[in-house]
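See below for the structure under consideration.
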Amino acid sequence: MTLERSEGLAETARALAAGEVTSRALVERTLARIEATQGSLNAFRIVRAEAALAEADAADRELAAAFGRDLPSERAHRPLLGVPVAVKDDMDVAGEPTAFGCCGEFPPVAEDGEAVRRLRAAGAVIIGKTNTCEFGQWPFTEGPAFGATRNPWSTEHTPGGSSGGSAAAVAAGLVPAALGSDGAGSVRIPAAWTHLVGIKPQRGRVSTWPRGESFQGITVNGTLARTVADAALLLDAASGNHAQDPHQPPHLDVSGAVGRDPGRLRIALSLKPPFTAVPARLLPEVRTRVVELAERLAALGHIVEEADPPYGQIGLTFVPRATAGIAERVGEAPFPALLDRRTRDAARLGRLLGGAPLRAARRAETALHRRIGGFFTSYDVVLAPTTAAPPPRIGALLELSGFATDRAMIAACPYAWPWNVLGWPGVNVPAGFTPDGLPVGAQLLGPANSEPLLVQVAAQLEAELRWAEKWPSPPVTARSAVAERP
C-alpha cells in the first residue's frame, strides 16, 4: 500500500466539490498517514478516527446533494466541506479532553471552542488534536505526557513549539493545514523550523473563546500550511468572534488578497534582536537566508533598507502578561502536582506580578502602539528573522532548569514575541535551509489589521521561490508506507 501525501487545502476542497474524491476516502487516507508516522513523528495527541469518519460520511451526503448544482453562495459558506484538518491540543473539541500538553486524564469538554465551531461551520472534518508542550510555554514540543514530537525534515530535531504537532503534521503531508496558537511565536517558530507558512493574525481575528483573552491577550489562534493561499483560506474559515469576545477586529477577506499586487513597498529589514534580559545573537546561517529574502524583495521592486522598530524595553510588558497567564492555567489544572517544575515556578512569578505590574503592562500597550505604530509612517512592512537559530535537537531543552530554559529560548527565539504584546499580525515564510539541511524562516510584520498586505508580499515571494515544491523525506518508520512525491 502507498499513501501519497496530502494535497493542499484549496486543491482538496476543489476535488471534493468536483466529485473527484470522497471525504471518507480522504479521511481514511489521512488516518492511515497518521498511523504510519505516529511512531516516528508523534504529531497527534488525539486522533478522532471514528468521529472523523462519521463527519466525513455526513459531508459526502451534503456534497452528493449539491453535486451538479451551481451554488456559489453555498460553496462560499462551506468552503472546506469534507476537508480533514487538525487543531492544536489547547483548543476545545466537543467530546474530547483539552489537556494542553499536560499529564493526567482530563474530562471531555461539552462544546467546541469558537474557532473549532467556525471550522465545522465551514465544513471541515476535525481529524484530531496535535501535540503541544505544557501550556504552550516553550519552542519545543516534548513532555512526559506524550513524549517528543519530531521534525519531518530531521527527526533528531524539534519541529519547534508550541504548535509543533500541527507544524509536523502539515510539513509531513499528513493534513493539508492545521490551526495552532501563538503567544510568543508559537505558530511562526514551528513554521520557520518546518518550512511552512504560518500566520499569526490580529488579536481577536480568530476567537480564543471560551477564553476571551488567552494569556492576558498575548496568545492568538493562527494557521499553518504549505502555501500562502492555503494558510489564508484556513484563516478566513476560522475567523470570527463569539459575542462576548473583548477583541473584535473588522472583517477581512485575507484569501482575496493572495496574488494581488501590493505595489512598491517600503520594507524595513530588522536584524537586531528586540530588548531581551540576556544576550541573543543572530547566527550567520540564519542571517544569510533572511538577507537573501531581502535581496529578493528588492529585486521585485520594493525599497528595502535596514531599520529597527523602536521597541524600547518592551520585554518588561511581556513577562507579567505571560506569567500571569500561566498562573491562571495552573490554578485551573486538575493535576498541579504533575506539572513541570518550570511551569510551577513561572506560575509563582505570575502570581507575584499579577497585580500592579500586570496592570502597568496592560496599560503600556497603548503607548507601544503609538510609538511602534509611528514606525509604519516610514515603512509598510518589517522583514525580520523568525528565529536566531535553526531548530535544536530533541531533548536539548527538556531537562534544563527554568533559568537555563529561558536563556536557551531567548538565544534561539528572540524575535517573535513583541508582536504578541502589540497584538498585530505577522506571517512566517520559508527562508531556505542551513548547510545542514535544517529549515529556517523569516517573518513579515505589519501594523494592526495588515494581514492582506502581508499575504500579498508572502505570495510574491512564494511565486519566486516555489517553496511548496520541497518536501521532507518520509520518516524512517514510515518509508514502507508513504510514497515520495516527485
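Just so it is clear, the values below take in all heavy atoms, side chains as well, and ignore hydrogens, waters and symmetry mates.
Although no hydrogens or angles enter the test, the distance criterion places no donor-acceptor pair under 3.5 Å between the side chain of Thr317 and the main chain of Ala361. Proximity of a side-chain donor or acceptor of Arg78 to a complementary backbone N or O of Arg120 within less than 3.5 Å is detected. With Glu464 contributing its side chain and Ala459 its backbone, the two residues share no donor-acceptor pair below 3.5 Å. In this structure a side-chain-to-backbone donor-acceptor pair under 3.5 Å is missing from Arg351 to Ala327. Panel note: side chain Arg117, backbone Asp112; no donor-acceptor pair is recorded below 3.5 Å. Checked by atom type and distance alone, the side chain of Asp90 never pairs as donor or acceptor with a backbone atom of Phe100 at under 3.5 Å. Between the side chain of Ser239 and the backbone N or O of Leu235, at least one donor-acceptor pair lies under 3.5 Å. Remark: side-chain polar atoms of Thr208 are not paired, donor with acceptor, to backbone N or O of Val220 under 3.5 angstrom. Glu111 places no side-chain N or O within donor-acceptor distance of the main-chain N or O of Ala94, the cut-off being under 3.5 Å. Side chain of Glu96 to backbone of Ile46: no donor-acceptor contact under 3.5 angstrom is found.
At a cut-off of 3.5 Å, with distance as the only test, no side-chain donor of Ser23 or Asp60 sits close to an acceptor on the other residue. Side chain to side chain, Arg33 and Thr30 meet the donor-acceptor criterion of an N or O pair below 3.5 Å. No hydrogens or angles considered: a donor-acceptor pair under 3.5 Å links the side chains of Thr343 and Glu134. In summary, the side chains of Thr149 and Arg45 do not present any donor paired with an acceptor at a separation below 3.5 Å, with no hydrogens or angles considered. Judged purely by distance below 3.5 Å, without hydrogens or angles, the side chains of Asn221 and Ser181 never pair a donor atom with an acceptor atom.
Shown here is Lys470, whose NZ atom has more than 12 heavy atoms of other residues, nucleotides or ligands within 6.0 Å.
Side-chain atoms of Ile126 and Arg48, non-hydrogen and from C-beta on, do get closer than 4.5 Å to each other. Taking the side chain as every heavy atom from C-beta outward, Leu179 and Lys88 never approach each other to under 4.5 Å. Leu444 has its side chain within reach of Leu383: a pair of non-hydrogen atoms, C-beta onward, lies under 4.5 Å apart. With contacts defined as side-chain heavy-atom distances shorter than 4.5 Å, the pair Trp417/Ile218 does not qualify. Using a 4.5 Å heavy-atom cutoff, the side chains of Asp340 and Phe135 are not in contact. Counting only heavy atoms from C-beta outward, the side chains of Val109 and Pro97 never approach each other to under 4.5 Å. A 4.5 Å side-chain heavy-atom check between Leu196 and Asn428 finds every atom pair outside the cut-off. By the 4.5 Å heavy-atom criterion applied to side chains, Arg296 and Leu465 are counted as neighbours.
Comment: Glu462 does not engage Arg466 in a salt bridge, judged by the lack of any side-chain N to carboxylate O separation of less than 4.0 angstrom. Between Glu156 and Arg150, none of the side-chain N atoms (NZ, or NE/NH1/NH2) sits under 4.0 Å from a carboxylate O, so this pair counts as no salt bridge. Between Glu292 and Arg289 there is a salt bridge, with a side-chain nitrogen of the basic residue lying less than 4.0 Å from a carboxylate oxygen of the acidic one.
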Quiz item: Do Arg24 and Leu53 pass the side chain to side chain contact (heavy atoms under 4.5 Å, CB included) test, and can you show the C-alpha distance, the side-chain angles, and the key distance before you say yes or no?
Solution: CA-CA 6 Å; Arg24 185 177 185 91; Leu53 287 168; 3.9 Å; yes

Exercise. Please step through salt bridge (Lys or Arg N to Asp or Glu O under 4.0 Å) for the pair Glu451 and Arg205, ending with a clear verdict.
Key: CA-CA 10 Å; Glu451 291 99 323; Arg205 177 81 57 220; 2.9 Å; yes

Quiz item: side-chain hydrogen bond (donor to acceptor under 3.5 Å, both in side chains) between Ser207 and Asn241: does it pass, once the steps are laid out?
Solution: CA-CA 5 Å; Ser207 176; Asn241 294 108; 5.0 Å; no

Practice problem: Could you give me the CA-CA distance, side-chain angles and deciding distance for Lys129 and Thr98, then say whether side-chain hydrogen bond (donor to acceptor under 3.5 Å, both in side chains) is met? | Solution: CA-CA 9 Å; Lys129 303 184 71 177; Thr98 303; 3.3 Å; yes

Quiz item: Could you walk me through whether Glu11 and Arg14 pass the salt bridge (Lys or Arg N to Asp or Glu O under 4.0 Å) check?
Solution: CA-CA 5 Å; Glu11 172 58 24; Arg14 184 209 62 77; 2.8 Å; yes

Exercise. Please report the C-alpha distance between Val427 and Lys200 in whole Å, then the side-chain angles of each, then the deciding distance to 0.1 Å, and finally whether the side chain to side chain contact (heavy atoms under 4.5 Å, CB included) criterion is met.
Key: CA-CA 6 Å; Val427 178; Lys200 172 219 173 295; over 6 Å; no

Quiz item: Passes side chain to side chain contact (heavy atoms under 4.5 Å, CB included), Ile314 versus Val421? Steps please.
Solution: CA-CA 8 Å; Ile314 189 172; Val421 173; 4.1 Å; yes

Exercise. Mind running side chain to side chain contact (heavy atoms under 4.5 Å, CB included) on Val440 and Phe433 for me, showing each step along the way?
Key: CA-CA 6 Å; Val440 294; Phe433 299 85; over 6 Å; no

Practice problem: Given salt bridge (Lys or Arg N to Asp or Glu O under 4.0 Å), test Arg211 with Glu332 step by step and report yes or no. | Solution: CA-CA 13 Å; Arg211 295 178 181 272; Glu332 300 167 1; 2.3 Å; yes

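The minimum heavy-atom distance linking Asp230 with Ala225 is given by the pair CB-CB, 3.6 Å. Minimum interatomic distance between Ala442 and Thr386 (heavy atoms only, all atoms of both residues): C-OG1, 3.0 Å. The two residues Glu7 and Pro176 have their closest heavy-atom pair at O-CB, 3.1 Å. The heavy-atom pair separating Met91 from Gly180 by the smallest distance is CE-O, 3.3 Å. In terms of heavy-atom proximity, Gly222 sits nearest to Pro201 at CA-CD, 3.7 Å. Here the closest non-hydrogen pair linking Thr219 and Gly183 is OG1-CA, 3.2 Å.
Distance check: Glu105 CD to Leu338 CG gives 10.5 Å after rounding to the nearest 0.5 Å. Atoms CG and CH2, on Leu438 and Trp153 in that order, are 10.5 Å from each other to the nearest 0.5 Å. Between Leu80 atom CG and Leu234 atom CG the span is 6.5 Å, to the nearest 0.5 Å. Atom CG of Leu174 and atom CZ of Arg5 lie 9.5 Å apart (nearest 0.5 Å). Atom CG of Leu31 is separated from atom CZ of Phe44 by 9.0 Å, given to the nearest 0.5 angstrom. Put simply, OG1 on Thr387 and CH2 on Trp193 are 5.5 Å apart, with the number rounded to the nearest 0.5 Å.
For the salt bridge (charged side-chain N to carboxylate O under 4.0 Å, His left out) test, no residue two or more places apart in sequence or in another chain qualifies with Glu328. Every residue was checked against the side chain to side chain contact (heavy atoms under 4.5 Å, CB included) condition with Glu35, not counting sequence neighbours, and none meets it.
Listed by first and then second residue, the salt bridge (Lys or Arg N to Asp or Glu O under 4.0 Å) pairs that reach into residues 181-198 are Asp182-Arg188, sequence neighbours excluded.
For the side chain to side chain donor-acceptor pair (under 3.5 Å) criterion with Ser166, the lone passing option out of Asn131, Asp89, Thr130, Thr194 is Thr130.
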